[in-house]
Amino acid sequence: MNKVRVPQHVAIIMDGNGRWAKARRMPRSYGHLNGVKRVDEIVAAAQRMGVKALTLFAFSSENWKRPKAEVSMLMKTLASNLDRKAKELHRLGIRFKVIGRSEGVPDLVLRSLENAQEKTHGNNGMTLNLAFNYGARQEIVDAVRKIASDAKKGKLRVEKIDEKTVSDALYTKDLPDPDLLIRTSGEMRISNFLLWQLSYAEFYFTNKHWPEFTEKEFQKAILDFQGRQRRYGAARSKKG
Ligand code: IPE
Ligand code: IPE
Ligand code: MG
């Protein structure tokens, strides 16, 4: 693998836990529990490869539509794993961040997210960015509200609003835009994920379900990315 052309920021839609479990005649919760194992593996692999930021889509604003029992299972799984993992992330020098709205998220989960962020905020290794109760349209609405309120207070002139103003008002303000978006399990849609930030990302879709997305599969995605020509609208090509 070419160490030079490793994407700086990789975003992943971790999809297919339910289908993976169903194929094994197991409940959806079994799929989610097996998905957690892959998170550990991919975080470690990304850091070893030299990825600077990894954003994982764990729970969308729309996932509240699922049965109550599944939602609460997902919340509990996150809280218990985070408490266990925070120390480990800190030991690895990883900075943990969360993006999304806090409304509706149980206190127990908010506390775990807050603790993990506090514990690791001084680290300068890879950033692990967890999209939780996240929706890109909601994020854009929040950004518009912030910009409008700054303009109303006279902190910002309307003519001065540019792309950077918008980027800086998003939850991802301190991260570069993703170079690569991976979605597992065969769906070819972005499901309200990072709409602004993915403008020029390369997309990689695989039929593997998230619980079977191993380090080897991740390396395949990176290799594929390294073969892409990124043109950004220009005629000359720029690789990686
Ligand atoms: C991804 O797997 C995990 C979450 C969205 C929380 P799914 O639960 O969406 O699995 P499928 O897509 O139903 O197979
Ligand atoms: C997207 O997956 C959200 C996460 C992976 C957390 P979904 O399974 O919720 O997306 P749809 O419903 O197939 O679009
Ligand atoms: Mg799904």
Side-chain angles (χ1 to χ4, degrees), residues 9-43 46 53-82 85 96-106 108-110 112-113 116 127-142 170-172 175 178 180-198 201 203-214 217-218 221:
H9 184 177
V10 180
I12 309 182
I13 302 177
M14 309 183 289
D15 198 16
N17 292 350
R19 277 165 282 171
W20 179 86
K22 193 173 177 216
R24 282 153 188 79
R25 298 169 193 273
M26 294 296 276
R28 294 176 59 82
S29 55
Y30 180 70
H32 296 315
L33 292 174
N34 278 274
V36 172
K37 295 182 190 161
R38 291 288 94 80
V39 172
D40 294 350
E41 186 175 337
I42 299 305
V43 168
L54 177 69
T55 297
L56 301 178
F57 203 1
F59 191 87
S60 80
S61 314
E62 290 71 34
N63 287 148
W64 296 105
K65 295 176 192 162
R66 296 186 179 201
K68 259 203 177 117
E70 180 172 348
V71 170
S72 89
M73 184 270 163
L74 284 168
M75 296 288 160
K76 275 189 208 128
T77 306
L78 175 78
S80 62
N81 276 289
L82 251 181
K85 290 303 290 179
F96 177 78
K97 286 267 300 167
V98 58
I99 56 169
R101 284 185 178 168
S102 46
E103 288 97 81
V105 178
L108 179 78
V109 180
L110 287 179
S112 306
L113 292 168
T127 298
L128 171 60
N129 190 35
L130 194 75
F132 193 79
N133 192 21
Y134 173 87
R137 287 190 166 184
Q138 290 84 340
E139 176 184 36
I140 292 169
V141 168
D142 287 348
L170 296 171
Y171 307 151
T172 49
L175 293 175
L180 172 64
L181 170 78
I182 299 172
R183 182 169 187 150
T184 58
S185 212
E187 307 305 350
M188 295 190 205
R189 53 176 173 256
I190 54 178
S191 302
N192 202 15
F193 191 40
L194 302 174
L195 295 177
W196 169 278
Q197 299 89 332
L198 291 172
F203 284 25
Y204 179 88
F205 297 104
T206 168
N207 286 330
K208 293 276 180 207
H209 299 305
W210 177 250
E212 53 197 13
F213 191 75
T214 56
E217 294 300 324
F218 185 52

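Keep in mind the model is a prediction, meaning the values are calculated, not measured. Atoms within each ligand, like the ligands themselves, are counted from 1 in listed order. Reckoned from all heavy atoms, side chains included, excluding hydrogens, waters and symmetry mates.
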* Asked: Which is closest to atom 13 (O) of ligand 1 in terms of heavy atoms, His209, Arg28, Arg19, Met14?
  -> Arg28
* To do: Could you check Asn192 against Gln138 for side-chain contact (heavy atoms from CB on, under 4.5 Å), going step by step and ending with a plain yes or no?
  => CA-CA 9 Å; Asn192 202 15; Gln138 290 84 340; 3.2 Å; yes
* To do: For atom 2 (O) of ligand 2, find the nearest protein heavy atom and state the residue, atom name and distance (0.1 Å precision).
  => Arg183 NH2, 3.6 Å
* Nearest option to atom 8 (O) of ligand 2, as decided by whichever heavy atom of Ile12, Asp15, Ile190 sits closest -> Asp15
* Asked: Any side-chain heavy atom of Leu194 within less than 4.5 Å of one from Ile99?
  -> yes
* To do: Using a 4.0 Å heavy-atom cut-off, say whether Met73 meets ligand 1 through its side chain, its backbone, both or neither.
  => neither
* **4.5 Å side-chain heavy-atom contact, Trp20 and Lys208** => no
* Asked: Do the rings of Phe193 and Phe57 sit parallel, tilted or perpendicular, given the 30° and 60° boundaries?
  -> parallel
* To do: May I ask whether Ser185 has any heavy atom positioned less than 4.0 angstrom from an atom of ligand 1?
  => no
* Close side-chain approach of His32 and Thr77, heavy atoms under 4.5 Å -> no
* Asked: Under 4.5 Å between any side-chain heavy atoms of Met75 and Leu108, yes or no?
  -> no
* Structure fact -> Of all protein heavy atoms, the one nearest atom 9 (O) of ligand 2 is Asn63 ND2, 2.9 Å
* Asked: Relative to the heavy atoms of Arg189, which atoms of ligand 2 are at a distance of less than 4.0 Å?
  -> 11 (P), 13 (O), 14 (O)
* Just heavy atoms, cut-off under 4.0 Å: does Phe59 contact ligand 2 by side chain, backbone, both, or neither? -> backbone
* Asked: From the Mg ion (ligand 3) out to just under 2.8 Å, does an N/O/S atom of Asp15 turn up?
  -> yes
* Atom indices of ligand 1, in the order listed, that fall short of 4.0 Å to a heavy atom of His32 -> 3 (C), 8 (O)
* Going by the atom numbers of ligand 2, which of them fall below 4.0 Å from some non-hydrogen atom of Ile13? -> 1 (C), 5 (C)
* **Minimum-distance protein heavy atom relative to atom 10 (O) of ligand 1** => Gly18 N, 2.9 Å
* Structure fact -> Nearest non-hydrogen protein atom to atom 4 (C) of ligand 1, with distance, is Arg66 NH1, 4.0 Å
* Going by the side-chain contact (heavy atoms from CB on, under 4.5 Å) test, name the single residue among Asn129, Leu128, Ile13 that passes it with Leu56. => Leu128
* Leu113 and Leu78: side-chain contact (heavy atoms from CB on, under 4.5 Å), yes or no, with the steps? -> CA-CA 9 Å; Leu113 292 168; Leu78 175 78; 4.0 Å; yes
* Asked: Looking at ligand 2, does Lys65 have a heavy atom less than 4.0 Å from it?
  -> no
* **Heavy-atom nearest neighbour in the protein, as seen from atom 6 (C) of ligand 1, with distance rounded to 0.1 Å** => Ala58 O, 3.3 Å
* Asked: Can you tell if the side chain of Arg38 reaches within under 4.5 Å of the side chain of Glu217, non-hydrogen atoms only?
  -> no
* Please say whether Ser191 places an N or O atom under 3.5 Å from an N or O atom belonging to ligand 2. => yes
* **Backbone N/O of Ser185 and side chain of Arg19: donor-acceptor pair under 3.5 Å** => yes
